[in-house]
Amino acid sequence: MTTSSSPSHWTPAGFEEEALSARFTDLHPALGKRQAIIESARCLYCYDAPCIKACPTSIDIPTFIRRIHDDNLEGAASEILDANILGGSCARVCPTEILCEQSCVRNQGDECQPVLIGLLQRHALDNAKFESHPFTRAAHTGRRVAVVGAGPAGLSCAHRLARFGHDVVIFEAEEKAGGLNEYGIARYKLTDDFAAREVEFLLEIGGIEIRHGQRLGDNLAIAELTREFDSVFLGLGLGTSHSLGLTGEDAPGLMAATDYIKVLRQSSELNVLAVPKHAVVIGAGNTAIDIAVQVKRLGAESVDLVYRRGEAQMSATPHEQDIARANGVMIHTWARPLAIDSNTDGQLSAMQFARTRVEDGRLIDSGETFSLACDGVFTAIGQGFDDASLSDVHAAGMARSGAKIEVDTMLRTSLPGVYAGGDCIARGQDLTVQAVAHGKLAAEAIHHDLMLKVEAA
Amino acid sequence: MTIHTPLNEDNARPAGAGANDAASNDHVASYKADLSINFAGIRSPNPFWLASAPPTDKAYNVVRAFEAGWGGVVWKTLGEDPAAVNVSSRYSAHYGPNGEVSGFNNIELITDRSLEINLREITQVKKDWPDRALIVSLMVPCEEEAWKTILPQVEATGCDGIELNFGCPHGMPERGMGAAVGQVPEYVEKVTRWCKTYSSLPVIVKLTPNITDVRLPAQAALRGGADAVSLINTINSITHLDLDRMVAHPVVGGRSTHGGYCGSAVKPIALNMVSEIARTPETANLPISGIGGISNWEDAAEFIALGAGSVQVCTAAMLHGFRIVEEMKDGLGRWMDSKGYQKIDDFTRAAIPNTTDWKHLDMNYQVIARIDQDKCIGCGRCYIACEDTSHQAIMHLAKDNGTARYEVKDADCVGCNLCEITCPVDNCITMEEQDTGKPYMNWMEDPRNPHRAA
């Protein structure tokens, strides 16, 4: 493992690259043409379709599915992309079981199962053949907008702004654009270089420049952006991971799940990745599931996922929990981390837990404890807003809601001309599709506000 | 439970086996009803015959069909030598949303084998399968001599009857045969009379649907002495195009031609035509062999209830093989048992008294749609159909959880059934009869009728 966070006591699990790669292909394989035709015929083409309302980006699902069935894949893909320019990654990473597919009318009564909307969306986007980028830019407005963060929110915002005829510069801290699609989503959900290809496609619209190595609060300040640009959109994401708050948290072998996933996603050779033999994952969200499953697939002998409450309270969907179990991950509920044990070499050796229960609505220790021997612990107990990004004087005046940025219904921050969306705002939901929706909405607000100024001038 | 045994020599029905299919020896008894029929003097162990078409082209197929349990076959149309010659690329289909074939189109002509071979095979097959109905379809030019020549040869085979192919809509009419005869009642009558003159066999006249009023050729056939009619033959059709090559299917060397349409898509047209003949007093007693998209026992029961004494099947067999007849017999037999029908005649024409002209319908009858909210899945199809294209009689209401609730506005519902048709859930929308308290009143009695006789 090439990262500095790789503890010396971890080694690659010793599998052939071919065998490992096979474990990181699509978790849900794409539909074939025949499957897509059969599945699309199941869609009832509902009026006032509940699936559309359940999609944060309001994709007109019945319409695109009808077009798939009518062998009009380009029409289907255009319909999807018009609502959600990152429809390809959303088709792969959305928890459809709690969004569109949950609300599908065929999820009720005797209808067997919901229409496989996510897989159909992927089918349309994977197979549509566009001669050129399917969207064009409106007449050049002469306005310039800065977008901070090339994640789903920023990219979505930039594309929509470009369509409106504005010029966009995206400031991105990392080497690659894509945000969590590139660095944070499980490798078997976004395979190959899909995230990069999707960004490439998005940029085909023109009028979007990406400047890498630009980190807000480091070599970039809001004051400077508001001076140079007509509007600013902040799609900063969440830059820090919550820590356990225990003594010895810097022990080699304990790290944030997101740090390891980032390395895993960027690795071109999985067989050289160092992996713990016995891993413990703390958390109950999709990131916890993602790290647990991926570490298991990389060759860890055991992976134990521990959550302080019960299965019903886990934010990972039952579908995600099933994936973890199917991959041999042991899920322990009602236990909270108590202490970190290290061996004489200072390496992580075990994690101690206190059993918990709810009493009078409060979570308390039951008095019982247990220990899990492990040489690796991954924390996935949530991420936080990185305060450093808003440390300049101008940014410091921005209203916050808790740690996150406060915005109005049109995603305007308290600073004039500055908008924000995605995970960094108070109503962020930790969903790619939500971030895309914010980016789109912010672009519409920015365009509206800029055009008002034009009219007023 | 029906045990469907594979076809081999051991289980081929021996010659002279019993004439009734019910509880026969080659499968476990499943129903008590007697499916056997006597159609215009032609006996058959069940009402399911294979229509004159590729499945009855030669002895090999027909024997397989009899082994599979078909009650009879109409041997593919014989003609004068030299035999017809077919093109390559002959069929095309109209598909439903799941890729299932709803309609089938062909441009094949009559038999492309010599008369002598066909007659020899017919003779042998009838000898080996005496209990099955074997009818020979014929098409020769509209000249007395031609019929006078072929009829004795056909009769010599021992077959049970002949069917006159006056319906083939493609290819043959260009040569003055098939539908070119069937569309002119005078020709129908004339040729039928020749057949009755030069043959002692029962004569079934097969009618073309490519005509304005199917009752006219049926009446002509009766005047000519026909023992029965069969209908419908196929409908002129073009199923679909290759839009890249700008040519219809089936494509023959870059060109195409219209074909004859059959399969389940034509069933409604055939049912109506059968009923029209059955409920016309003049032809009410003329036996009818029903043809047109019969795919299962229920279709067959419907044809019989509207006047058919036997049914002919082709497309279903072409799509699924001969084994489909087992499903048809089993389903029909069990249904008959459930209704207390002991034989086919018990429900033949049972729906005819209830099939009438519009003017006899009750103007005071009223149904209103009811939506079962427990079954409703909220797809909104009933709403948009009614709102856009019908009577705006369904309300679109928001439920507390953000989903929609659909309710019928009784006062605006005219009882058109559109919502019931669009609803994907079984018995979620039902059309409920209203007690209007008013007596039967037809349009001729209705004061709103400006032409009402005082």
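Chain identifiers are assigned alphabetically (A, B, ...) following the order of the sequence lines, protein sequences preceding nucleic acid strands; residue numbering begins at 1 within each chain.
Note: A:V105 leads A:I38, A:V105, A:D110, A:N107 in heavy-atom pairs under 4.5 Å with chain B.
Here the straight-line distance linking atom SG of B:C423 with atom CG of A:L44 works out to 9.0 Å at 0.5 Å rounding. Annotation: the span from B:C376 atom SG to A:Q108 atom CD amounts to 8.0 Å, rounded to 0.5 Å. Note that CD1 of B:I377 is 4.0 Å distant from CD of A:E111, once rounded to the nearest 0.5 Å.
Heavy atoms of other residues, nucleotides or ligands lying less than 6.0 angstrom from NZ of A:K129 number 12 at most. For A:H448, the NE2 atom sits in a loose shell: 12 or fewer heavy atoms of surrounding residues, nucleotides or ligands are nearer than 6.0 Å. Atom NZ of B:K339 is surrounded by 12 or fewer heavy atoms from other residues, nucleotides or ligands within 6.0 Å. Within a 6.0 Å radius of CG in B:D426, no more than 12 heavy atoms belonging to other residues, nucleotides or ligands are found. Dense packing is recorded around CG of B:N401, with more than 12 heavy atoms of other residues, nucleotides or ligands lying under 6.0 Å away.
If you measure heavy-atom distances from A:R34 to chain B, the contacts under 4.5 Å come from the side chain alone. Heavy-atom distances place no part of B:C382 under 4.5 Å from chain A, backbone and side chain included.
Heavy-atom neighbours of chain B within the stretch residues 45-55 of chain A, taken at a separation under 4.5 angstrom, comprise A:Y45, A:C46, A:Y47, A:D48, A:P50, A:K53. Among residues 61-96 of chain A, the residues having any heavy atom closer than 4.5 Å to a heavy atom of chain B are, in sequence order, A:H69.
Across every non-hydrogen atom of B:P97 and A:A41, the tightest pair is O-CB, 3.6 Å.
In this structure, A:I37 and B:N98 have side chains that are not in contact, with every pair of non-hydrogen atoms separated by 4.5 Å or more.
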